[in-house]
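What you are looking at is a predicted structure, and each value in this text was computed from that prediction instead of being measured. The sequence lines fix the lettering, A, B, ..., with proteins before strands; numbering per chain opens at 1.
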There are 2 protein chains.
Amino acid sequence: MLLATIRDVAKLAGVSVATVSRVLNKNGYVNKETEQKVITAIQQLQYEPNAVARGLAGKRTGTIALILPDISNPFFPEMARGVEDVAHQLGYTVILCNSDDHGVKERSYIEVLKKKYIDGIIFASNTLDETDVEEMQKNDLPLVILDRAPIQDTFSVVRSKNYEGAQLAVKHLLEVGCKRIAHIYGPQEFLTAKERMTGYEDAVRHLPWYSPSLMVPGNFRIDGGMKAIEQLLSRHPDVDGIFAGNDLMAVGALKALYRLGKKVPEEVAICGFDGIALTEITEPEITTVAQPIYEMGSLAAKVLIEKITATVKANPIHELEVSLIRRGSTKRGRETDE
Amino acid sequence: MLLATIRDVAKLAGVSVATVSRVLNKNGYVNKETEQKVITAIQQLQYEPNAVARGLAGKRTGTIALILPDISNPFFPEMARGVEDVAHQLGYTVILCNSDDHGVKERSYIEVLKKKYIDGIIFASNTLDETDVEEMQKNDLPLVILDRAPIQDTFSVVRSKNYEGAQLAVKHLLEVGCKRIAHIYGPQEFLTAKERMTGYEDAVRHLPWYSPSLMVPGNFRIDGGMKAIEQLLSRHPDVDGIFAGNDLMAVGALKALYRLGKKVPEEVAICGFDGIALTEITEPEITTVAQPIYEMGSLAAKVLIEKITATVKANPIHELEVSLIRRGSTKRGRETDE
DNA sequence: CTCTCATGTGTAACCGGTTACACATTTGGT
DNA sequence: ACCAAATGTGTAACCGGTTACACATGAGAG
């Protein structure tokens, strides 16, 4: 059975295709009675407008793209879910792209996406630079970027309070009685990693025990957290609190400490950052500064679709709150607990 | 700057659009010299064929859809990654859909996807029934289904050996000295859960200690695993081996046992199923029967795209091997270890 | 009693490709 | 030398929508 076209509907309703199109898109003038005839014809034929033809004629495909480093990194599925939920709700469809934070791959995706008349892109990937952004701007492709600084007002940004979150983490570790708090920082090409590190530094630099060597690098992955702990403990065996730049490294830290026979939280307390589900499956569960990951995704989608449909182009910056989730990895006697 | 069209290229090369199209699609006869002129013109204009127009004219959009229950369920990101990698490599784009295993949502996605001239669908979601499949067949939408029985030869199936895997798990638990092995089974509407349960039953039913009450239901999630353990241990305090129907429930079992003060693996050994990354972050790490999750995704994409491009429609059934990954949760003295 | 403007509808061009068909011109087999 | 098949290329219809523009009607303003 072949699908009905707008011309079939027009014929059956005894009107022109233009009128049918007006009914469909609710624009232009249409007489109430005429409209009813058209609606009846549409129902009779079970007519569904062809999205591809629509895309070609109207330059709108109802499709957005989500470019992220790697969907199998546990941070992103929840964000992707947020994006997809909102998009679906608003009648959009989401294309998934894994860039591996690799500029070439990212650009090749953008090429394809432009050819497909994508309506907009959400970038949760970190590679593209100013030039790329300008390039997009020229094609006036609406753009929302996650975890970037709002350097330009030409694109919208969704991020959360990394600096404040880091301070929250340190403050909490101090409260539970830590006397020497180290930080495992992420790759400095990520703004998030940088900001969290600065937050840590500003929170501890005035304290008597502070030393720059308490900061060790990690790669934002589990193995990076493990290596960091080995390195750290050989340098500072007396460390009793760890603020990891993200949750995966916190998991790694926990693992490494366990293998070294250090008790968590009794001997060393750990606090992560991100609030991914993984932090609830370890034993003890890991205290973390949670970003509203799902909301970051859903908000990004909302903002993007607003940009797509809006006539005036605003480029708001959304900075979301983070919150400390206290769990076993920092639970000590001295804490006045709930 | 407006993008060049095929007519611009034709004009510049001094040929007709048909010829340009022939060069583009490498079909029909084209003289070598003519071809060269066209190629030069394409490069000069930086011409990129418009995918939407192509879709409208040729009924091929180079887009496939992946319908899964929930991308934030840790089983699926890796599979999605497999799908996307292959798709991207073969020049296809992937649309992501979360069905929540909800029939209505699934069908609403299918509606939209048909309108968008999607080339094919990979189903990792379990809701659609015979009628739906036939419906797809009528629209001759290529289909690949994961984890379904090969009841019909009208669609392709990718699955792995659940029954054999379950037997593998039980055999391993016996080998490490378990004397009484329980099974936490998943929701029986999932074929996978059913097959794993049958595998377990067939492996233990002849053993002296066997009792049907050693099988307790779980929901394939962490909390389900925890509840199952509580229920199980009150019924059979002497259980010393757990075969969980999937890894999430194995994680839950581990958590619950830890809280009840049972030592893993010394007092109770645990084996999961799936091979998701989560099993490596707990302490001890969890032994599991690993499915080749990434490969299931990449194979599904390969099969689907083959179906899309092939003229003759075969509907192969691919049943992948599973493998036991031995980890801490079943490591006991008596095991002859590597 | 005109004139203007809001309302209502149809025609046909257009979006940017693919491809059926027509029309050469070679090639090669007998 | 003759004719069928292979090679090469162009014209124009088509995919299924959107929309600019033309045209008609009726109402309210001056």
Side-chain angles (χ1 to χ4, degrees), chain A residues 1-39 41-42 45-63 91 112 114-119 139 309, chain B residues 1-39 41-42 45-63 91 112 114-119 139 309:
Chain A
M1 115 248 168
L2 274 262
L3 274 63
T5 73
I6 196 172
R7 287 169 231 268
D8 299 332
V9 175
K11 197 174 293 171
L12 181 59
V15 299
S16 75
V17 293
T19 301
V20 177
S21 178
R22 284 186 200 107
V23 171
L24 250 31
N25 302 296
K26 304 188 200 311
N27 57 15
Y29 297 109
V30 179
N31 183 297
K32 277 283 161 226
E33 289 173 37
T34 316
E35 180 175 3
Q36 199 44 59
K37 279 194 297 184
V38 172
I39 291 176
I42 287 176
L45 295 173
Q46 300 201 51
Y47 167 71
E48 297 277 359
N50 177 319
V52 179
R54 235 179 200 180
L56 181 57
K59 311 304 192 206
R60 284 278 181 79
T61 55
T63 307
V112 177
K114 280 199 292 199
K115 281 195 235 176
K116 295 208 173 179
Y117 278 0
I118 237 66
D119 291 343
N139 292 277
T309 45
Chain B
M1 113 246 166
L2 275 263
L3 274 63
T5 74
I6 196 172
R7 287 170 230 270
D8 298 332
V9 175
K11 196 172 293 171
L12 180 59
V15 300
S16 75
V17 293
T19 302
V20 177
S21 179
R22 284 187 199 106
V23 172
L24 249 31
N25 300 297
K26 303 188 199 313
N27 58 16
Y29 298 109
V30 179
N31 183 298
K32 277 283 161 228
E33 290 172 37
T34 316
E35 182 176 1
Q36 199 46 57
K37 278 194 298 184
V38 172
I39 291 175
I42 287 175
L45 295 173
Q46 300 202 51
Y47 168 71
E48 297 277 358
N50 177 320
V52 178
R54 234 176 200 182
L56 182 57
K59 311 299 191 211
R60 284 278 182 77
T61 54
T63 307
V112 177
K114 280 200 292 199
K115 280 197 239 175
K116 294 207 174 178
Y117 277 2
I118 236 67
D119 291 343
N139 292 276
T309 46

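Enclosure of atom NZ in Lys11(A) is not indicated, since only 12 or fewer non-hydrogen atoms of other residues, nucleotides or ligands lie within 6.0 angstrom. Dense packing is recorded around NZ of Lys114(A), with more than 12 heavy atoms of other residues, nucleotides or ligands lying under 6.0 Å away.
Note that CG of Leu24(A) and CD1 of Ile42(A) are 5.0 Å apart. Values are rounded to the nearest 0.5 Å. Put simply, CD1 on Ile6(B) and CZ on Arg54(B) are 8.0 Å apart, with the number rounded to the nearest 0.5 Å.
Every residue two or more places apart in sequence or in another chain that forms a salt bridge (Lys or Arg N to Asp or Glu O under 4.0 Å) with Lys32(A) is listed here: Glu35(A). Listed by chain and number, the residues in a side chain to side chain contact (heavy atoms under 4.5 Å, CB included) with Ala18(B) are Ser16(B), Arg22(B) (sequence neighbours excluded). For Thr34(A), there are no side chain to side chain donor-acceptor pair (under 3.5 Å) partners at least two apart in sequence or on another chain. Every residue two or more places apart in sequence or in another chain was checked for a side chain to side chain donor-acceptor pair (under 3.5 Å) with Asn31(B), and none qualifies. Applying the salt bridge (Lys or Arg N to Asp or Glu O under 4.0 Å) rule to Lys115(B) yields the partners Glu48(A); only residues at least two apart in sequence or on another chain are considered. Remark: Thr61(B) engages Val52(A), Thr63(B), Tyr117(B), Asp119(B) in a side chain to side chain contact (heavy atoms under 4.5 Å, CB included) (not counting sequence neighbours). Residues meeting the side chain to side chain contact (heavy atoms under 4.5 Å, CB included) test with Leu12(B), sequence neighbours left out: Ala41(B), Gln44(B), Leu45(B).
Note: NZ (Lys59(A)) to C1' (dG16(D)) measures 14 Å, nearest angstrom. One can place CD of Glu35(A) at 10 Å from P of dT9(C), the figure rounded to the nearest angstrom. Atom CG of Asn50(A) and atom P of dC14(D) are 17 Å apart (whole Å). Computed from coordinates, the Asn31(A) CG to dG26(D) P distance equals 13 Å when rounded to whole Å. If you take NZ of Lys115(B) and C1' of dC15(D), they are 18 Å apart, rounded to a whole angstrom.
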For nucleotides 26-29 of chain C, list the nitrogen or oxygen atoms of the protein found under 3.5 Å from its nitrogen or oxygen atoms, one pair per line.
none

Atom pairs, N/O to N/O, protein against nucleotides 3-7 of chain D, distance under 3.5 Å?
unit_1: dT7(D); atom_1: OP2; unit_2: Tyr29(B); atom_2: OH; d: 2.6

All N/O pairs under 3.5 Å across the protein-nucleotides 18-23 of chain C interface:
unit_1: dT18(C); atom_1: OP1; unit_2: Asn25(B); atom_2: OD1; d: 3.3
unit_1: dT18(C); atom_1: OP1; unit_2: Asn25(B); atom_2: ND2; d: 3.1
unit_1: dT18(C); atom_1: OP1; unit_2: Arg54(B); atom_2: NE; d: 2.9
unit_1: dT18(C); atom_1: OP2; unit_2: Ser21(B); atom_2: OG; d: 2.7
unit_1: dT18(C); atom_1: OP2; unit_2: Asn25(B); atom_2: ND2; d: 3.4

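Two residues are said to be in side-chain contact when any heavy atoms from C-beta on lie closer than 4.5 Å; Ser21(B) and Asn25(B) meet this criterion. Asn50(B) is not listed as a side-chain neighbour of Leu3(B), based on a closest heavy-atom distance of 4.5 Å or more.
The side chain of Thr5(A) contributes no N or O atom lying less than 4.0 Å from OP1 or OP2 of dC15(D).
For the helix from dC1(C)-dG30(D) to dT30(C)-dA1(D), the angle separating the two terminal helix axes comes to 30°, with each axis derived from five pairs and the value rounded to 10°.
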